[in-house]
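Side chains are part of it too, since the values below use all heavy atoms of this structure and drop only hydrogens, waters and symmetry mates. Lettering follows sequence order; numbering is per chain, from 1.
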Amino acid sequence: MSTDLVLRREDLVHNPTPRLPICLVLDCSPSMSGEMRYGSSVEQTNPRPIDELNSGIELFFNSIKEDEIAQFSAEICLVAFSGVAEKVLDFDNIARIEPPVLQLEMSKGGTSIGTAVNLAIELLEERKSEYQEVGVDFYEPWLVLMTDGQPTDDSHNDSSIKVSKLVLESRLQVFPIGIGHGVDMDILKSFSPKRDPLKLQGLRFREFFEWLSKSVSNTSQSIPGEEIPLDLEGIKGWGAL
Amino acid sequence: VILKHKFAGNFAQGKSHSVNNTPCQDVIKLWTSSNSKYTGIALADGAGFSDKSHIGAKYMVENILPFISNNFAEFYEDFNKASEKINRFVIDSLSKLSNSERIEFKNLASTLLFVCIDITNFKYLVAHIGDGIIFKESKNEVYVLSHPFKGEFANSTIFTTSKYSAYKMRVQSGEITSDTGFLICSDGAAEALYDRAQKKPNYKLSKQILSWLDNYSEEEVNKAIVSNLENGVFKEVTNDDCSLCILKLSTVETKPVSLFNQILNTFKRIIGFNT
């Protein structure tokens, strides 16, 4: 074949990989220490939930970094919350950053789920605007909410309405995950009108984050019109209704 | 003056489809009417959510150009009306196919892009549903005639089965000359041929592809397209199915006019006789 019938690599345009913005909203309240008080006696679970959570986050980051497409697509932001919510990690390409190590918020008791979710929505909207400004395509954003407790204020009432609206308009994917026996699954359900929240089996954070990274990988390879079904079989390895 | 056309086109299965064992969902059609008055190229990319969408895509590319040619004059005059009527044809065709093949209507969804040319009157009509690109070449410059329609998110677009809107069926018309060319491609091939952020063509590659029919036969260009789609730069940038079609008005022939006809034409002009 004549050389002018062959298109050369050097002449390619380099379109950026469509991004998948993911905000992890993680409970760092004192209950994640695994310390349980029964009157004057104190029991400590081993390992501590917060340590297992950190280990799961590290595995999640490493799994994404090893995926040839997802590493350029997934952008992670992290909000930690107790009585207050704080952005621990701003959106960035996962290949460029190291996983953060979350600390327990021992001095800031409480579980303000609504404040944290509101902050997450704000951050996701800002990121979407940035993509639009520079002409980068992006997938439907993800919000992963993990908590082991019950809200200690009413902020979840407004934020759950806001999130549910986005979910019903297919503009946000929400993954609410309950941890332990103290979690209020009805509150988590109020954030997720399309699918029921899931409960983590024991402290299977690693299995959950492994499943999450596979789901990120599937989405980052999807093409227009393709519906990405959740790996329901995979959920059995870490979660239950 | 008679314009002559050449066209070529081909498609290739993407890696994501071969890994998942799903068929290539891109379909193309190169078509000329039996009286040679109309010609055209059409391309459809079946929706990824359905493993039957290539059936709807094939049906549309087989049937759309004859339908357009039968109504060309009317559609050329009013492309808002054309937009509605073409959409009605698409929906009715897919509904019939859905009944005859017992496939759910929504599972026949595809994008659709076509260029139809009235070669004797030097006119074109293009229409576009969903993503993919229609490029036009004129006076040796390439530009985007119709951009991809994307929803808010990267994996969303409009399909033939979607509810009608002005965004859904985008129709344009214009005139052709001896240096006009068209290049249509699916979203997979667009990854190499279109700068998404700047919304501009990859000038170098699109001009190169459009020049092929100036120098090579249709058969040679068909082979070159499939070779590049299967083994070349397209595989570097996408795992999706890829397809592209080119139509080029490449040569001009002058009809020999006898002395008698020249005198007759001059006489007709003088007396104002309009054929």
Relative to chain B, which segment of [X] carries a heavy atom at a distance below 4.5 Å: side chain, backbone, both, or neither?
X: A:Arg171; result: both
X: A:Val134; result: backbone
X: A:Leu20; result: neither

By a 4.5 Å heavy-atom criterion (distance strictly below it), what part of [X] contacts chain A: side chain, backbone, both, or neither?
X: B:Asp187; value: side chain
X: B:Asp131; value: side chain
X: B:Tyr194; value: backbone

Mark yes when over 12 heavy atoms from residues, nucleotides or ligands other than [X] sit less than 6.0 Å from its [atom1]; otherwise mark no.
X: B:Phe11; atom1: CZ; value: no
X: B:Lys223; atom1: NZ; value: no
X: A:Lys65; atom1: NZ; value: yes
X: A:Lys194; atom1: NZ; value: yes
X: A:Glu98; atom1: CD; value: no
X: A:Lys128; atom1: NZ; value: yes
X: B:Lys29; atom1: NZ; value: yes
X: A:Arg195; atom1: CZ; value: yes

_Taking the side chain as everything from C-beta on, heavy atoms only, tell me whether A:Leu12 gets closer than 4.5 Å to B:Glu236._
yes
*Tell me, do B:Glu152 and A:Glu140 make a side-chain contact under 4.5 Å, heavy atoms counted?*
no
*What residue in B:Asn231, B:Leu205, B:Leu193 has the most heavy-atom pairs under 4.5 Å with chain A?*
B:Leu205
Under 3.5 Å, is there a donor-acceptor pair between the side chain of [X] and the main chain of [Y]?
X: B:Asn228; Y: A:Leu5; value: yes
X: A:Asp11; Y: B:Lys204; value: no
X: A:Asn15; Y: B:Ala192; value: no

*Are B:Gln208 and A:Leu7 close enough, and set up right, to give a side chain to side chain contact (heavy atoms under 4.5 Å, CB included), and what steps lead you there?*
CA-CA 8 Å; B:Gln208 185 182 351; A:Leu7 303 174; 3.5 Å; yes
*For chain B, which residues of residues 204-213 of chain A have heavy atoms nearer than 4.5 angstrom*: none
*Atom pair NZ (B:Lys235) and CZ (A:Arg9), whose distance is rounded to the nearest 0.5 Å*: 13.0 Å
_Rounded distance [0.5 Å steps], CG in B:Asn155 versus OG1 in A:Thr219_ = 7.5 Å
*Contact summary for B:Lys150 and A:Asp137, nearest pair of heavy atoms*: CE-OD2, 4.0 Å
*Shortest non-hydrogen contact between A:Asp4 and B:Trp212, atoms and distance*: O-NE1, 2.7 Å
*Apply side chain to side chain contact (heavy atoms under 4.5 Å, CB included) to the pair B:Phe153 and A:Ser170, showing each step before the final yes or no.*
CA-CA 10 Å; B:Phe153 304 119; A:Ser170 298; 6.0 Å; no
